[in-house]
Q: 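This is the structure I have questions about; it appears just below.
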Amino acid sequence: MDFTFLMQLLINGLVVGSIYALVATGFVIIFKSSSALNLAQGEFLMVGAYICLYLVLQHKVPFIAAFVITMLFSALLGIVIERTTLRPLLGSPVISVIMATLGLASVLRALLQIFFGVDTIPFPEIFPPEPVHIGPVPVSIGYLYSLCCVAVLLTALTAFFKYTKSGLAMRATASSRQTALSMGISVKKVFAMSWCIAAMVSAIGGILLGAIRGGVDMSLANMGLKVLPVVILGGMDSIAGAVLGGLIIGLLENLCGGYLDPLVGGGVKEVVPYIALVLILMVRPSGLLGSRRIERM
Amino acid sequence: AADTVKVGGLFDLTGATAEVGKPFLEGVRDAVTWMNNNGGVNGKKIELISVDYGYKTPEAVAAYKKFVEQDKVVMIEGWGSGDTEALKDQVTKDRIPYFSAGFTAHMNNPAKTPYNFFLGASYSDQVRAFLQFVKKDFKEKGKKPKVCFIYPNNGFGKSPIEAGKLYAKEIGIDVVDDQITPPTGFQDATTQLLNMQKQGADYAFIQNTVKWSAIILKDAKKLGLKTKFFLNNYGMTEQLPELAKEAAEGVYGMATTVPYGTNVPGMKKITDMHAKNHPKDSHNLFYVRGWTYALTWGEGLRIADKNKQLNGEGVKKALESMNNFDLGGLVQPVTYSGADHRSSTKSVVYVIKGGKLVKVEDIDVPRKKEWLGL
Amino acid sequence: MRERIALMIKADMGLFHSKKSLAATVSFLVCLMFVPVYGSSYVLDVVNRIGIAVIAALGLNILTGFTGLISLGNAAFMAIGAYSASWLAMRTGINFIFCIPVAGIITAALGMVVGIPSLRLRGLYLAMATLAAHFIVEFLAVHWESVTGGVAGLTISSPTVAGFALDSDRTVYYLIIPTAILSVLFVSNIFRTRVGRAFIAIRDQEMSAAVMGIDVFKYKLISFALSSFFAGVAGALMACQTRIITPENFPISIAIDSLAMIIIGGLCSVIGTIFGAVFLTALPEFLRLATTALAGSFPELIGKLASLKELVFGLLVILFLIFEPHGISAIWQRTKNRF
Amino acid sequence: MALSLNTQLSCHDIRLTFGGVTALDGVSFEVMDGEIFAIIGPNGAGKSSMLNCISGLYRPQQGEIKFDGLTIRDLPPHQRAKRGIARSFQNIALFRELSVIDNIMTGRHLSQRAGVISGGLFWGWAKCDEEHHRAVVEEIIESLGLQDIRRCAVGSLPYGRQKRVELARALAMEPRLLLLDEPMAGMNAAERDDMVGFILEANCRRKITVVMIEHDMGMVMDISDTVCVLDFGKRIALGSPEQIMNDPHVIKAYLGEDDGFF
Amino acid sequence: MLKVENIQVVYGDSMLVLKGPSLEVPEEGIVALLGANGAGKSTLIKAISGLLASEQGKIISGTVLFRGDNITGMAADDVVRRGIFHVIEGRRVFQELTVEENLAAGGYTRKDRAGFRSDLEFIYDFFPRLAERRRQSAGYLSGGEQQMLAIGRGLMARPQLLLLDEPSLGLAPLLVQEIFSLIRRINTERKTAILLVEQNAAIALSIADHAYVLENGAIAMSGKPEELNASGEVREFYLGISEHGERRGYKAMKEEMRSAFPAHRA
Ligand SMILES: Nc1ncnc2c1ncn2[C@@H]1O[C@H](COP(=O)(O)OP(=O)(O)OP(=O)(O)O)[C@@H](O)[C@H]1O
Ligand SMILES: Nc1ncnc2c1ncn2[C@@H]1O[C@H](COP(=O)(O)OP(=O)(O)OP(=O)(O)O)[C@@H](O)[C@H]1O
Ligand SMILES: [Mg+2]
Ligand SMILES: [Mg+2]
């Protein structure tokens with residue numbers, strides 16, 4: 001019984017963590033090209049989920065097609081946002097860019113509210129409702145999809161950043177924009193590309209989350225804040241870190257929820273990621289897999 | 001102008017509770033329009049000044065001050081627990097009746113909060129009704145039923161828990177566990193449910209709003225739990241089966257207002273107004289709840305006006321003179337008195353069957369004096 | 001020659017660059033004195049909130065603007081200030097007024113504890129440690145019921161000064177606004193002296209600051225302490241103003257608002273902080289009034305108008321950053337130079 | 001030449017590695033009170049690393065560093081500054097957002113006393129103190145010819161000017177030992193002349209011991225009293241300029257056969 | 001090849017830094033640009049390469065022509081694609097990237113893979129220190145190594161016109177000589193034209209075909225190296241040669257100072 005309980009916690013931690021990892025990846029992509037934190041990440045998730053939902057419910061588009069259209073739309077949205085908001089801010093300090101993403105979050109939320117209202121819209125059942133059993137542990141199919149997505153994205157993005165010219169250009173741009181420009185790297189294109197990719201990755205996350213929760217509403221955006229410790233724990237510039245961080249936080253939350261919550265009367269699950277985060281950062285100041293800051297005179 | 005009565009309305013249309021705030025506002029507004037078209041307050045028109053405060057307490061406080069000083073309203077239709085708590089002393093001082101859509105029991109004791117009102121059985125009375133139901137429903141001989149409370153860690157969540165535990169003890173039910181969920185923004189309640197399973201709870205009461213309740217129910221279904229779930233009057237809504245799908249089947253819950261479209265005498269005007277004003281919106285019992293609130297204080301305004309006391313204090317008195325005021329079955333008949341602001345102690349139990357809310361029975365909880373404010 | 005230099009030094013060091021700006025400031029302060037006489041309690045409520053926001057944002061600007069340590073812990077510090085002042089006043093019966101500075105000091109001490117990770121963490125990683133502090137404080141506020149009253153919070157009776165009860169917006173005004181003015185003065189002074197320069201040096205070039213003899217870690221802690229002192233005082237004043245505090249009074253959005261204030265107002269500008277606080281407190285108020293007025297004529301649109309409010313807010317923030325990345329203080333400088 | 005024979009700084013058997021890279025490998029030397037000591041060597045030889053060890057930014061894995069006979073090996077940088085060690089950096093490390101004056105004022109940090117509270121009140125002595133140190137700084141500004149840019153933010157100054165501000169900032173500390181990392185890089189002949197003047201003045205008039213890294217051999221050979229040559233982290237020569245100029249190892253590793261350019 | 005005509009540049013709307021200098025780089029030529037600190041040399045070549053925009057600088061009048069095309073105010077990345085590469089002053093390496101990635105970034109606009117590899121080999125051959133550190137983060141390199149890397153990136157791009165801003169900064173004497181012979185070699189072998197800003201006037205003049213002296217944002221002098229070498233002013237300010245025709249030494253200056261302030265601490 002107790003072993004099953006542990007197994008349940010572990011497996012649930014991993015699968016829930018995979019969703020965190022997925023969302024965190026979106027953060028990392030933006031960070032890797034512009035050293036900025038995108039605080040509108042949660043809203044990006046929402047946009048993806050709502051668009052897909054809208055296509056399926058209002059226009060009766062089959063799910064796969066809706067998914068593809070959502071991807072295209074998100075890509076476009078990424079580009080539009082880059083054009084209108086980020087590009088004019090090219091020379092500004094990073095903190096201003098972060099603030100702008102906060103403004104962006106407001107705008108996106110408001111637009112979604114205007115178009116889709118504030119009600120929770122039920123998500124069509126795109127995955128079979130029956131869970132699959134891993135050993136004794138039932139797991140929702142949505143989570144399995146998210147595990148797969150994470151695995152695919154991890155390899156694809158890592159390879160992209162490491163081996164492709166565009167990946168190199170992104171990293172160079174994050175390091176120094178002016179120098180990147182002098183190499184002939186189009187900083188604008190790099191930004192457009194990274195926002196494009198980030199928006200698409202987020203849309204995948206949003207759709208999966210919507211499907212898992214069964215409904216989409218404004219509270220989906222909270223995921224953005226929730227995933228921050230994951231990104232930091234893994235290291236802000238590491239895709240693998242985001243994945244590792246996601247899984248660790250997922251596990252940690254579940255283990256603490258399972259074993260500590262009953263002792264102190266709940267709520268530990270919410271703070272534990274942060275406590276762990278601070279402790280780990282004291283040992284590894286740039287997260288688990290993040291690249292160390294270069295301080296050298 | 002002298003022929004209007006001003007009422008301030010604090011609503012949440014963009015904040016954390018917007019999805020219930022919006023139909024509630026529409027209900028209140030349609031009811032006001034309806035009343036104005038049907039004689040108003042003895043010929044005077046009600047002017048509802050509605051403000052969206054985005055569920056942010058400081059904005060509510062500021063809006064309140066503007067209502068009182070600039071707009072000179074006679075009463076206020078408030079909303080959540082944050083604004084109600086923050087303003088409870090102020091409204092007493094200013095003598096402004098203040099209705100809220102939160103059902104926390106400690107707002108129904110006029111000795112402490114003489115100007116606060118709400119309409120329907122308090123959260124605590126809903127939990128008591130649940131416990132009575134459990135007592136009756138549990139068939140295994142020689143064992144005490146075990147119940148668990150699942151609630152978020154905030155004022156709303158905690159509000160009925162103490163009352164529930166006391167009453168459970170009183171009638172011989174074991175409360176085996178409390179499971180605390182985050183206030184908002186979780187998508188997984190597995191650990192809480194696993195813990196509950198470990199304790200072997202037979203019944204669980206979820207004190208939460210519908211979308212979070214749905215997530216808990218879905219996880220429970222995934223884990224294959226045998227526990228019987230109960231929801232409060234913000235969880236048991238028409239939306240539950242849509243969000244939780246199969247997981248909602250067989251789930252019980254309390255309602256203080258009838259679901260939209262229920263065949264009761266008071267419903268016709270509501271469906272008519274709805275067809276006229278929002279033909280495209282789908283509506284739910286929160287819309288009905290908005291109506292019931294407005295109709296109730298509309299009656300209060302009418303009595304106060306008849307008594308030539310159309311001011312805060314007069315409206316309070318008028319409300320406190322209501323005895324079994326019937327709204328055509330939309331809500332339990334309303335009774336307020338100067339010593340007791342419990343409009344009713346009766347809850348109606350519903351169950352989800354085939355994706356619909358089906359009424360099971362009424363449960364009346366005794367109106368005990370010592371339960372006032374608890 | 002010597003005299004010339006001495007004169008130059010005097011001119012450089014003054015807070016006011018001209019007689020005119022001194023006169024303008026003094027007349028502004030005099031006007032402030034009379035606000036309670038003419039303002040309604042609604043106006044006073046807003047002005048009081050602005051005053052509190054100024055103090056809190058000023059604290060954050062010390063840390064983030066001047067020392068370069070991004071913090072998301074401001075709401076937590078305000079909460080600590082609010083709870084400790086209230087708890088003290090309730091437990092010991094000391095006049096609330098005296099509890100305010102004590103709360104500031106308690107917050108400063110805890111702020112230093114939060115600052116310890118700054119020994120090793122930089123930039124956004126440190127920001128995350130302060131965010132952690134926020135959630136830990138929130139957790140304690142909810143669970144440490146004997147001190148914080150749990151989710152129900154604490155209710156404070158209004159303090160009295162020399163027989164006057166500070167129980168209305170009008171009277172609390174005379175507590176909040178002078179405190180805000182003193183805070184502004186204090187912080188402006190700090191940045192004319194070595195402590196302020198040390199903060200900026202650490203922000204710009206930490207290693208070279210260390211080589212100049214600045215004990216970097218110590219000054220980071222001082223910055224944390226000073227910053228949280230002001231946040232704590234702001235929190236205590238907030239308790240005094242609202243007279244009921246619960247964990248829900250200090251959501252993370254307050255910390256984010258503080259950050260927005262100093263960025264939109266102008267990082268490392270004291271006057272900018274004031275502008276930022278005014279802007280971000282008054283704007284939602286203004287937008288709400290506007291949408292309410294509109295909703296009076298188009299009641300059907302109230303839902304959409306409410307969202308519009310948020311849209312306008314977000315757009316304004318973005319436009320501001322795009323057209324004036326250095327904040328309102330830069331605009332202020334330009335207009336001032338024109339005269 | 002009236003050089004005292006007191007050792008001011010002694011480095012013994014310093015070894016510094018970064019992962020696999022050995023930056024310094026058993027380097028030892030002594031610097032006399034009041035002398036001008038030059039460290040030269042090819043790029044990547046470990047010269048800057050050596051200065052970093054002395055000023056406390058790097059901590060060598062092995063070896064002993066003594067200043068005035070007391071070990072400073074384990075002191076953090078700010079405490080070494082307190083003992084009287086100041087420095088400039090190879091890649092300029094000024095406080096970019098501060099004005100020239102304020103940059104130099106940070107050099108007075110250790111001599112000033114104002115704390116948070118007295119500073120915040122800015123009353124009485126805190127104010128006097130500030131004025132007094134301001135005057136000292138004005139003097140340095142004048143002697144280094146920085147008057148015209150005193151209120152400029154240093155970030156936008158040309159490279160050469162920034163180097164000069166860096167020197168001023170170090171001098172404001174009134175140090176006993178001044179470490180200069182390529183003080184004349186990026187300057188033309190006339191500016192070099194000025195810089196040499198400033199260094200000599202610091203050394204002779206202000207009695208500051210100077211340890212400097214420079215690639216301008218003409219200048220190094222002319223003004224330094226002792227030269228230390230590093231290559232691949234090892235000391236390959238130490239001696240007077242004349243000795244060094246003729247040392248075959250040094251010629252091979254660093255100077256090159258053709259000395260046409262200096 | 002490159003023609004700059006009466007170009008005026010301001011920083012931040014107000015500060016006029018370039019007051020209309022003109023300059024020309026012929027095909028396959030090496031042109032040196034000398035000038036005091038703050039004269040505006042870096043500004044001038046930033047104006048050519050389009051990097052001004054990222055520093056709040058603006059060209060307010062004048063034109064820059066490259067092979068007859070007007071490239072005034074063109075975006076920096078487009079300028080690179082046209083074949084002009086700017087090695088920025090002050091060792092601006094991508095600190096977080098490895099040495100090899102830095103070099104690869106230098107060759108970002110190139111299409112030929114084979115040439116890319118052989119150029120990489122060429123650079124490692126020339127700067128063996130870089131080869132040793134190829135997998136290390138560039139931020140940890142010594143100052144001189146970073147300078148090598150910056151120059152190496154310029155070579156990787158194989159531009160038609162290379163703008164070098166103080167390439168010898170912080171390099172050891174031996175290496176300075178090598179770098180300048182390398183510049184010569186690139187110029188003759190690859191037919192790359194070069195515009196060189198350099199403080200080491202002697203060596204710059206020794207390889208240049210033509211030279212300009214910029215003072216206070218305007219061209220004060222220009223001509224063949226020999227002509228400049230002959231000018232008294234250049235000799236005094238840039239070459240450090242005294243009136244008597246020999247290198248000015250500091251020995252005397254030191255002796256003088258030491259005797260003026262004799263009393264050293266005991
Ligand atoms: N980004 C900037 N903003 C404002 N002013 C600047 C900026 N960059 C340079 N300046 C100013 O422009 C002038 C010319 O600078 P520039 O860097 O072009 O000189 P330089 O000749 O290259 O000097 P050096 O030899 O020191 O490199 C200087 O007075 C400098 O202060
Ligand atoms: N923090 C560090 N991490 C890793 N390697 C380092 C670090 N600091 C220095 N190194 C390495 O140590 C060696 C010596 O560097 P140092 O900066 O001391 O050289 P230098 O003699 O000053 O050269 P230059 O004349 O080029 O400035 C270099 O190869 C460099 O890569
Ligand atoms: Mg070096
Ligand atoms: Mg230059």
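To find a chain, count down the sequence lines: A is the first, B the second, and so on, and within it residues start at 1.
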Q: Measuring from atom CZ of D:Phe89 to atom CE of C:Met207, what distance do you get when rounded to the nearest 0.5 angstrom?
A: 8.0 Å
Q: For the residue pair D:Val116 and C:Ile190, what are the closest heavy atoms and their distance?
A: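 Of all heavy-atom pairs spanning D:Val116 and C:Ile190, the closest is O-CD1, 3.2 Å.
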Q: Which heavy atom in C:Gly213 sits nearest to a heavy atom in D:His109, and how many Å separate them?
A: O-CD2, 3.8 Å
Q: With rounding to the nearest 0.5 angstrom, report the CD to CZ distance, D:Glu130 to C:Arg197.
A: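 Answer rounded to 0.5 Å: 4.5 Å.
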Q: Could you tell me which portion of D:Leu94 (side chain, backbone, both or neither) has an atom closer than 4.5 angstrom to a non-hydrogen atom of chain C?
A: backbone
Q: Please check if atom CZ in D:Phe18 has more than 12 non-hydrogen atoms from other residues, nucleotides or ligands closer than 6.0 Å.
A: yes
Q: Side chain from CB out, backbone as N, CA, C, O: work out which of these in D:Gln112 comes under 4.5 Å of a heavy atom of chain C, or both, or neither.
A: both
Q: Just wondering, do C:Tyr219 and D:His78 contact through their side chains at under 4.5 Å, heavy atoms?
A: no
Q: To check you understand the geometry: which heavy-atom pair defines the closest contact between D:Phe95 and C:Asp204, and what is its length?
A: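 Scanning both residues, the minimum pair turns out to be C-OD2, 3.2 Å.
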Q: Side-chain contact, heavy-atom cut-off 4.5 Å: C:Ser208 with D:Arg169?
A: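 Side-chain contact under 4.5 Å: yes.
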Q: Where does C:Arg192 contact chain D at under 4.5 Å (heavy atoms): side chain, backbone, both or neither?
A: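 Answer is both: backbone and side chain atoms of C:Arg192 are under 4.5 Å from chain D.
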Q: Taking the side chain as every heavy atom from C-beta outward, state whether C:Arg194 and D:His133 have any atom pair closer than 4.5 Å.
A: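 Sidechains of D:His133 and C:Arg194: no contact.
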Q: I need the C:Thr193 OG1 to D:Met105 CE distance, nearest 0.5 Å.
A: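 Result: 9.0 Å between the selected atoms.
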Q: Got more than 12 heavy atoms from elsewhere within 6.0 Å of CD1, D:Ile117?
A: no
Q: What option among D:Arg80, D:Arg151, D:Glu166, D:Glu97 has the most heavy-atom pairs under 4.5 Å with chain C?
A: D:Glu97
Q: Chain D: which of C:Ala198, C:Gly196, C:Ala209, C:Ser188 shares the most heavy-atom pairs with it under 4.5 Å?
A: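 The candidate making the most pairs under 4.5 Å is C:Ala209.
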Q: Check this for me: C:Arg120, atom CZ, are more than 12 non-hydrogen atoms of other residues, nucleotides or ligands nearer than 6.0 Å?
A: yes
Q: Give the member of C:Leu182, C:Val216, C:Val211, C:Leu226 that has the highest number of heavy-atom pairs under 4.5 Å with chain D.
A: C:Val211
Q: Need one label for D:Arg150: side chain, backbone, both or neither, based on atoms under 4.5 Å from any heavy atom in chain C.
A: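 Side chain only.
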Q: Kindly compute the distance separating CE (C:Met212) from CE (D:Met173), expressed to the nearest 0.5 Å.
A: 5.0 Å
Q: Is any side-chain heavy atom of C:Asn189 closer than 4.5 Å to a side-chain heavy atom of D:Leu121?
A: no
Q: Check this for me: C:Lys20, atom NZ, are more than 12 non-hydrogen atoms of other residues, nucleotides or ligands nearer than 6.0 Å?
A: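 Counting neighbours around NZ of C:Lys20, 12 or fewer heavy atoms of other residues, nucleotides or ligands fall under 6.0 Å, so no.
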